[in-house]
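Only a predicted model underlies this, so the values are computations on that prediction, with no experimental measurement involved.
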Amino acid sequence: MSNTVSDVLDFIDENDVKFVRLAFCDLFGHLKNVSIMHYQLDEAFRYGIHFDGSSIPGFRRVEHSDLVLKPDLDSLSVLPWRPQQGRVARFYCDIYKPDGSRYEGDPRAVLQKAVKHLEDVGFTCNMGEECEFYLFKLNDDGTPTNEPLDQGQYFDVAPLDKGENIRRDICLDLEKMGIYPEMSHHEAGPGQNEIVFQFADALTTADNLLTFKSVVRAIAARYGAWADFSPKPVVNHSGNGLHVNISLSNGDQNIFDTEDPELLKAARSFMAGVLKRVGESTLFLNSTRDSYKRLREQEAPSSVTWTREDRSQLLRLPYAMGERKRFELRSPDPCVDPYLAYALIIEAGLEGIEKGYDLPAESGGDTASTTPSYTENLPLSNINMDGGNRPEELPRTLEEAIKRAELSDFVRNVLGDDITRKFIDLKKVEIGLVK
């Protein structure tokens, strides 16, 4: 059930909330916020809170800089790591222009539009995230070092795993914020960790990723450690991936867990659409130079292929039952803007459904011999590889990813000309392609 303004104001009063953070993110997934006093919240709901959009890279020019934050009532959460007297709460916000119209450069608006498009054709999307991060020691002055917190490996336990108490406190704080972890463990790299949390609708999942990264950093700092989400923080060891699990429902029916031939065809076509558009979307799934040091190494994918078990493939159908049946996209990394990334994934899959794309044959594990041939009218569990040509490759560099996105009508149609142009222009400046 959705909250009302009265519900929220009562909650703020009853829970001794004194400070309210109004949060949003820029085009590159960096969390931003402004803090207001609790007695200003009613005004924020009615009129919004103005801020200088020209100070956020990629938002507005100084001559038209005003933008307005309006809190999303359903995104209220108390920050459990902050003091319990005079507590701090947080809302995610939608961004508007002063004339009351929605700001076209708001990443959250892009995802909301994609979700509405999917709902209009009869589907809802759930997403779950598996997010990896490294923990590094700090110097005496609090500066992060390049020394991992431990030398543990995959699924190790204490004393090799020195992150177990950090993960414990992260999971407990996430629970208090309504985000429910399902699994946490030491990952393959030294000081590397992973936490998997429960799936939700696409917008909530995007919000949750920003919350997750904030909680991880806050708890790590409490233990005298630095949490690093960059794609390749340690040479010759596993990079940090953001594995995105995706399912679709038609009414109450998960279309990845059905015998209905039409729904099965829609599931296959959705996957086919993601495969078709992933190359030109990669800039927004892997947005840094280090992203391309991670791809092609330690189980990170290199080719546009799918399978059921091989963790080095781009799309995977992991073993699951009932509502948990889904596919997993393994190329993204934690530096994404989740709103832009998830909008591109949804719209690519939706294009597959609307245009009836056929799913390529399953990779047999050797991507050099994977076929681009197609299969129709078979359950997902019965699609097999039958030999053929080399599959499409993901971009090998950030420069290549920029070029492919720049040439993509699909990307511009989903993100809009304004976001696409600004994102690409800023990336070119960042890596020295233009001044």
Requested in this report: For Lys422 and Asp425, run salt bridge (charged side-chain N to carboxylate O under 4.0 Å, His left out): C-alpha distance rounded to whole Å, both residues' side-chain angles, the deciding distance at 0.1 Å, then the answer.
Outcome: CA-CA 5 Å; Lys422 289 176 177 176; Asp425 287 349; over 6 Å; no
Requested in this report: Output, in order, the C-alpha distance, side-chain angles, deciding distance and verdict of side-chain contact (heavy atoms from CB on, under 4.5 Å) for Leu111 and Ile346.
Outcome: CA-CA 9 Å; Leu111 180 55; Ile346 289 171; 4.0 Å; yes
Requested in this report: Start with the C-alpha distance between Glu175 and Tyr180, add both sets of side-chain angles, then the distance that settles side-chain contact (heavy atoms from CB on, under 4.5 Å), and finish with yes or no.
Outcome: CA-CA 5 Å; Glu175 271 195 323; Tyr180 298 100; 4.1 Å; yes
Query raised in the report: Going through the distances and angles, do Arg108 and Asp207 end up as a salt bridge (charged side-chain N to carboxylate O under 4.0 Å, His left out)?
Result: CA-CA 9 Å; Arg108 209 166 185 259; Asp207 290 343; 2.8 Å; yes
Query - Trace of the side-chain contact (heavy atoms from CB on, under 4.5 Å) decision for Leu22 with Asn33 - result: CA-CA 5 Å; Leu22 305 183; Asn33 76 198; 5.9 Å; no
Report task. Could you go through the side-chain contact (heavy atoms from CB on, under 4.5 Å) check for Tyr339 and Val110 one step at a time? Result -> CA-CA 7 Å; Tyr339 305 108; Val110 175; 5.9 Å; no
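No hydrogens or angles considered: a donor-acceptor pair under 3.5 Å links the side chains of Glu351 and Tyr357. Judged purely by distance below 3.5 Å, without hydrogens or angles, the side chains of Glu399 and Tyr292 never pair a donor atom with an acceptor atom. Side-chain polar atoms of Gln313 and Thr307 form no donor-acceptor pair below 3.5 angstrom. Defined by atom type and a distance below 3.5 Å, a donor-acceptor pair is present between the side-chain atoms of Ser291 and Thr288. If you check the side chains of Arg90 and Ser214, you find no donor sitting under 3.5 Å from an acceptor.
Taking CD of Gln151 as the start and CG of Asp161 as the end, the distance is 12.0 Å to the nearest 0.5 Å. Leu344 contributes atom CG, which lies 7.0 Å from atom CG of Leu285 (distance to the nearest 0.5 angstrom). To the nearest 0.5 Å, the span separating CG on Leu264 from OG on Ser269 amounts to 10.5 Å. Atom OG1 of Thr397 sits about 8.0 Å away from atom CD1 of Ile431, to the nearest 0.5 Å. Put simply, CG on Leu415 and OG1 on Thr420 are 4.5 Å apart, with the number rounded to the nearest 0.5 Å. Here His243 contributes atom NE2 and Glu130 contributes atom CD; the two are 6.5 Å apart, rounded to the nearest 0.5 Å.
Classified by interplanar angle (parallel below 30°, tilted 30° to 60°, perpendicular above 60°), the ring pair Phe327/Phe256 is tilted. Using bins of under 30°, 30° to 60° and over 60° for the plane-to-plane angle, the ring pair Phe133/Phe229 lands in the tilted bin. Aromatic ring orientation, Phe136 versus Tyr134: parallel (interplanar angle below 30°, classes split at 30° and 60°). The aromatic rings of Phe284 and Phe423 sit tilted, their planes meeting at an angle between 30° and 60°.
Each of Asn193, Asp150, Asp156 was compared with His186 under the side chain to side chain donor-acceptor pair (under 3.5 Å) criterion, and only Asp150 meets it. Each of Asp257, Thr124, Asn254 was compared with Ser247 under the side chain to side chain contact (heavy atoms under 4.5 Å, CB included) criterion, and only Asn254 meets it.
A donor-acceptor contact shorter than 3.5 Å is absent between the side chain of Thr143 and the backbone of Asn139. Without hydrogens or angle criteria, Thr258 side chain to Asp260 main chain gives a donor-acceptor distance under 3.5 Å. At least one donor-acceptor pair under 3.5 Å links the side chain of Thr205 to the backbone N or O of Asp201. Without hydrogens or angle criteria, Asn250 side chain to Gln253 main chain gives no donor-acceptor distance under 3.5 Å. At distances below 3.5 Å, not a single donor-acceptor pair connects side-chain atoms of Trp81 with backbone N or O atoms of Ile170. A side-chain donor-acceptor contact under 3.5 Å links Asp74 to the backbone of Asn3. Remark: side-chain polar atoms of Lys232 are paired, donor with acceptor, to backbone N or O of His237 under 3.5 angstrom. Using a distance-only test at 3.5 Å, with no hydrogens or angles considered, no donor-acceptor pair links the side chain of Arg330 to the main chain of Ser312. A distance-only check finds a donor-acceptor pair linking the side chain of Thr145 to the backbone of Lys137 [under 3.5 Å]. Without hydrogens or angle criteria, Asn240 side chain to Asp228 main chain gives a donor-acceptor distance under 3.5 Å.
Between Cys171 and Ile195 there is a side-chain heavy-atom pair separated by less than 4.5 Å. Side chains of Glu406 and Lys427 form no contact here, defined as non-hydrogen atoms less than 4.5 Å apart. Arg326 is not listed as a side-chain neighbour of Met127, based on a closest heavy-atom distance of 4.5 Å or more. In this structure the side chain of Glu129 never reaches within 4.5 angstrom of the side chain of Asn245, judged on heavy atoms. Taking the side chain as every heavy atom from C-beta outward, Leu174 and Phe212 approach each other to under 4.5 Å. Residues Asn126 and Ile246 have side chains not in contact (no heavy-atom distance under 4.5 Å, counting atoms from C-beta outward). Side-chain contact between Ile424 and Leu283: present, with at least one pair of heavy atoms (C-beta onward) separated by less than 4.5 Å. Between Leu79 and Arg21, the closest side-chain pair of non-hydrogen atoms falls below 4.5 Å.
Considering every non-hydrogen atom in both Leu209 and Pro338, the closest pair reads CD2-CB, 4.0 Å. Minimum interatomic distance between Phe59 and Asp26 (heavy atoms only, all atoms of both residues): CE1-CA, 4.1 Å. Nearest heavy atoms, Lys162 versus Leu149: CD-O, 3.5 Å. Nearest approach of Arg296 to Leu394, heavy atoms of both residues: NH2-O, 2.7 Å. Residues Met177 and Val78 share a closest heavy-atom pair of CG-O, 3.7 Å. Glu347 approaches Ala114 most closely through the heavy-atom pair OE2-CA, 3.5 Å.
Crowding of Arg168 atom CZ: a count of heavy atoms from other residues, nucleotides or ligands under 6.0 Å not exceeding 12. Atom CD of Glu323 is surrounded by 12 or fewer heavy atoms from other residues, nucleotides or ligands within 6.0 Å.
By the 4.0 Å N-to-carboxylate-O rule, Lys70 lies too far from Asp94 to be salt-bridged with it. Using a 4.0 Å cut-off between a side-chain N of Lys or Arg and a carboxylate O of Asp or Glu, Arg311 and Glu299 do not qualify as a salt bridge. A salt bridge does not link Glu164 to Arg167: none of the charged side-chain nitrogens sits closer than 4.0 Å to a carboxylate oxygen. The pair Glu392-Arg404 meets the salt-bridge criterion, with a side-chain N (NZ, NE, NH1 or NH2) lying under 4.0 Å from an Asp/Glu carboxylate O. A salt bridge links Lys116 with Asp120: the distance from a Lys NZ or Arg NE/NH1/NH2 to an Asp or Glu carboxylate oxygen falls below 4.0 Å. Looking at Arg324 and Glu182, a side-chain N of the basic residue comes within less than 4.0 Å of a carboxylate O on the acidic one, giving a salt bridge.
Aromatic rings from Phe24 and Phe51 are positioned such that their centres are separated by under 6.0 Å.
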